[in-house]
A.B. asks: 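This is the structure I have questions about; it appears just below.
Below, chain A is the first sequence line, B the second, and so on; all start at residue 1. All values below were derived from every heavy atom in this structure, side-chain atoms included, with hydrogens, water molecules and symmetry-related copies excluded.
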There are 2 protein chains.
Amino acid sequence: MDTPAAVPRPLRRDAELNRLRIMAAAREVFAERGLEATLDDVARQAGLGVGTVYRRFPNKEALVDALFEEGFGRVVAAAERSLENPDAWAGMVNLVTELAEIQAADRGLRDIMLSEAYGRDRVAQLRDRIKPMLEQAVERAQRQGGLRADFRAADVPALLMMIAMTVEFGRDVRPEVWRRYLTMLLDGISARRDHPTRLPEPELDDDDMHEAMHAWPRLRWTTPTSTPEKRGPKVLSSEV
Amino acid sequence: MDTPAAVPRPLRRDAELNRLRIMAAAREVFAERGLEATLDDVARQAGLGVGTVYRRFPNKEALVDALFEEGFGRVVAAAERSLENPDAWAGMVNLVTELAEIQAADRGLRDIMLSEAYGRDRVAQLRDRIKPMLEQAVERAQRQGGLRADFRAADVPALLMMIAMTVEFGRDVRPEVWRRYLTMLLDGISARRDHPTRLPEPELDDDDMHEAMHAWPRLRWTTPTSTPEKRGPKVLSSEV
DNA sequence: ATAGAAGTGGAGGACTCTCCTCCACTTGCC
DNA sequence: GGCAAGTGGAGGAGAGTCCTCCACTTCTAT
């Protein structure tokens, strides 16, 4: 019972370097392609073999998990920042916009936040963490009369999902079109509005639309059949 | 060169019956589970063997194609109806709502309209068909002053994608929540609005949210690598 | 300098999942 | 009653994922 798991021995110098390489590669690959990227992809990006990656991280989930600690930090920071804005409505707009920007910039984070395929626990934790902040933001903005009274903190995730959709749609043609739709949405949740807010982006023209539709990733909503859960290594519990 | 492909000989009585059974089963299965359902599923639902299904339809795409002729009819009909409404804004609201309802009721149709995985040509055709109708609807609604002036017909698909997201999210917990978000969106595209429209549905409560997030299908945006295109049967065109 | 612990690469195993084929057998029709 | 047409469903082909395994290389402590 001495040093139960403490000081698990430092990695060899080269190994530590590689660990950092893996993290960096994973950040990049996941941000760019989302969690559908494989550890093989990460390894290639890092200039290492898959085996090395698996030696350091027992499985994909562990790597994702290690990585998104920092992503979550960004989300929380955005929420905190918005609460400091004396104009609560502006803060609200800012918050949603920043969250959308984070998603737009990092597909991996989007996958984590919107899909729960990985890091279920961690996401729950994040939600617990920002829920009160969202509630406060909403309450303030309503009290100041900027946000429609029937809006709820629980609506924010839905908003983000909607925006995620437009982000993805425009990605290859006009990476910023989503701001157009975010603006419409925000106009929709403002308390009163004599004139529509100026849309920051033009609509997709025929060519863009055509290309977007064509290059549009085939969206799959994999229905939860037969609890795929984790798939897990083939180690059966009966192996004992 | 006589009767080139005309009157391709009627099916045997039982075969014709089975063909209808297949169509009915496909309608049901695809509407319920989307295009990710396999022809095996369709066959099972029809109480037939897969072989039978493949004897009648050369591949999945052919079946999907045969089926969605009618789905497209519904879409066009909705568009026509909305154009008849003397109140152009009401017509617009109606149009978007009906399109959303169609998607909500038929996941297969949604997949076709939003993903182009199947029936690329047919979808293009549909788009050509409704595009002018949308343009007219938009133009009318703007002229009458109901719709914000910077809205474009090309924005409608984006709106529908956003709604599709919320439809899917609420599906198992509160199949109608999407109307809440559609209402916000519509408020966002109206020209002026002193008071927000009453939201037709309450937000998801904590339990709903938790369950929705948990049962939430793992959303996959399969990035178009290596042109999956069609995969197609292995019949090469060189077979001629 | 060197033993041997630690680390590495990447082919390939195990698994899953989908679309579709094949062919022995059954059924309807002239 | 004969035979073309139709049927069922096991299983082949192919794609793709996660991860293991182990011969080999590299570091580091003595």
A.B. asks: Let's see if you can work this out: which of D/dG6, C/dT8, C/dC20 has an atom nearest to the side-chain heavy atoms of B/Ala15?
C.D. replies: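 So the nucleotide nearest the side chain must be D/dG6.
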A.B. asks: Which nucleotide wins on minimum distance to the side chain of B/Asp40, given the candidates C/dC20, C/dT18, D/dC18?
C.D. replies: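 My answer, after comparing the listed nucleotides, is C/dC20.
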A.B. asks: Which of the following nucleotides, D/dG8, D/dC27, D/dC19, is nearest to the side chain of B/Leu48?
C.D. replies: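 Selected nucleotide (nearest to the side chain): D/dG8.
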A.B. asks: Could you tell me the separation between the CZ atom of B/Phe57 and the P atom of C/dT21, rounded to a whole number of Å?
C.D. replies: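 Value for this atom pair: 15 Å.
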A.B. asks: Figure out the CZ/P separation between B/Arg44 and D/dT7, and round it to whole Å.
C.D. replies: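 Between P of D/dT7 and CZ of B/Arg44: 18 Å.
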A.B. asks: The side chain of B/Thr52 lies closest to which of these nucleotides: C/dC19, D/dC19, D/dT7?
C.D. replies: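 Selected nucleotide: D/dT7.
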A.B. asks: Atom CG of A/Leu17 to atom C1' of C/dT8: distance rounded to whole Å?
C.D. replies: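 From A/Leu17 CG to C/dT8 C1': 13 Å.
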A.B. asks: Does D/dG6 have OP1 or OP2 sitting under 4.0 Å from an N or O in the side chain of B/Arg55?
C.D. replies: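 So the side chain of B/Arg55 is within the cut-off, an N or O lying under 4.0 Å from OP1 or OP2 of D/dG6.
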A.B. asks: Would B/Arg74 and B/Glu98 pass as an ion pair if we require N to O under 4.0 Å?
C.D. replies: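 Salt bridge: no.
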A.B. asks: Whole-Å distance between D/dT7 P and B/Arg19 CZ?
C.D. replies: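 One finds 12 Å between P of D/dT7 and CZ of B/Arg19, rounded.
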A.B. asks: Want to settle it: does A/Leu39 or A/Arg13 sit nearer the 5' end of DNA chain D, counting the closest nucleotide to each?
C.D. replies: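 Its nearest nucleotide lies further toward 5', so the answer is A/Leu39.
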A.B. asks: Rounded to the Å, how far apart are A/Leu63 CG and D/dC18 P?
C.D. replies: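 Roughly 11 Å, once rounded to whole Å.
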A.B. asks: Expressed as a whole number of angstroms, how long is the span from B/Leu35:CG to C/dC19:P?
C.D. replies: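 Rounding to the nearest Å, CG of B/Leu35 and P of C/dC19 are 10 Å apart.
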A.B. asks: Closest approach to the side chain of B/Arg56, judged atom by atom: which nucleotide of C/dC20, D/dC18, D/dG6 is it?
C.D. replies: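 So the nucleotide nearest the side chain must be D/dG6.
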A.B. asks: Check this for me: does the side-chain of A/Arg12 come within 3.5 Å of the base of D/dT26 through a donor and an acceptor?
C.D. replies: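 Under the 3.5 Å cut-off, the side chain and the base do form a donor-acceptor pair.
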A.B. asks: If you check every side-chain atom of A/Val50, which of D/dG9, D/dC18, D/dC19 has the closest atom?
C.D. replies: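 Within the option list, the nearest is D/dC19.
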A.B. asks: Round to a whole Å and report the spacing from CG of A/Leu11 to P of D/dC27.
C.D. replies: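 Result: 14 Å.
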A.B. asks: Please give, in whole Å, the distance from D/dT17 C1' to A/Glu61 CD?
C.D. replies: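 Answer to the nearest Å: 15 Å.
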A.B. asks: Is any NZ, NE, NH1 or NH2 atom of the basic residue among B/Glu80 and B/Arg129 found under 4.0 Å from an Asp or Glu carboxylate oxygen of the other?
C.D. replies: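 Yes, B/Glu80 and B/Arg129 are salt-bridged.
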A.B. asks: Is the shortest distance from a Lys or Arg side-chain nitrogen in B/Arg19 or B/Glu16 to a carboxylate oxygen in the other one below 4.0 Å?
C.D. replies: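 Salt bridge: yes.
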A.B. asks: Please determine, for the side chain of B/Tyr54, which listed nucleotide (C/dT8, D/dT7, C/dC20) has the closest atom?
C.D. replies: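 Nearest nucleotide to the side chain: C/dC20.
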A.B. asks: Could you tell me whether a side-chain N or O of A/Asp128 sits under 3.5 Å from a main-chain N or O of A/Gln125, the two making a donor and an acceptor?
C.D. replies: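 It does not hold such a pair.
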A.B. asks: With a 3.5 Å cut-off and no angle check, do the side chains of B/Asn94 and B/Thr97 form a donor-acceptor pair?
C.D. replies: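 Judged by distance alone, the side chains do not pair up.
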A.B. asks: If the cut-off is 4.0 Å, is B/Asn18 near the phosphate of D/dT7, judged by side-chain N/O to OP1 or OP2?
C.D. replies: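 B/Asn18 to D/dT7 OP1/OP2: side-chain N or O found under 4.0 Å.
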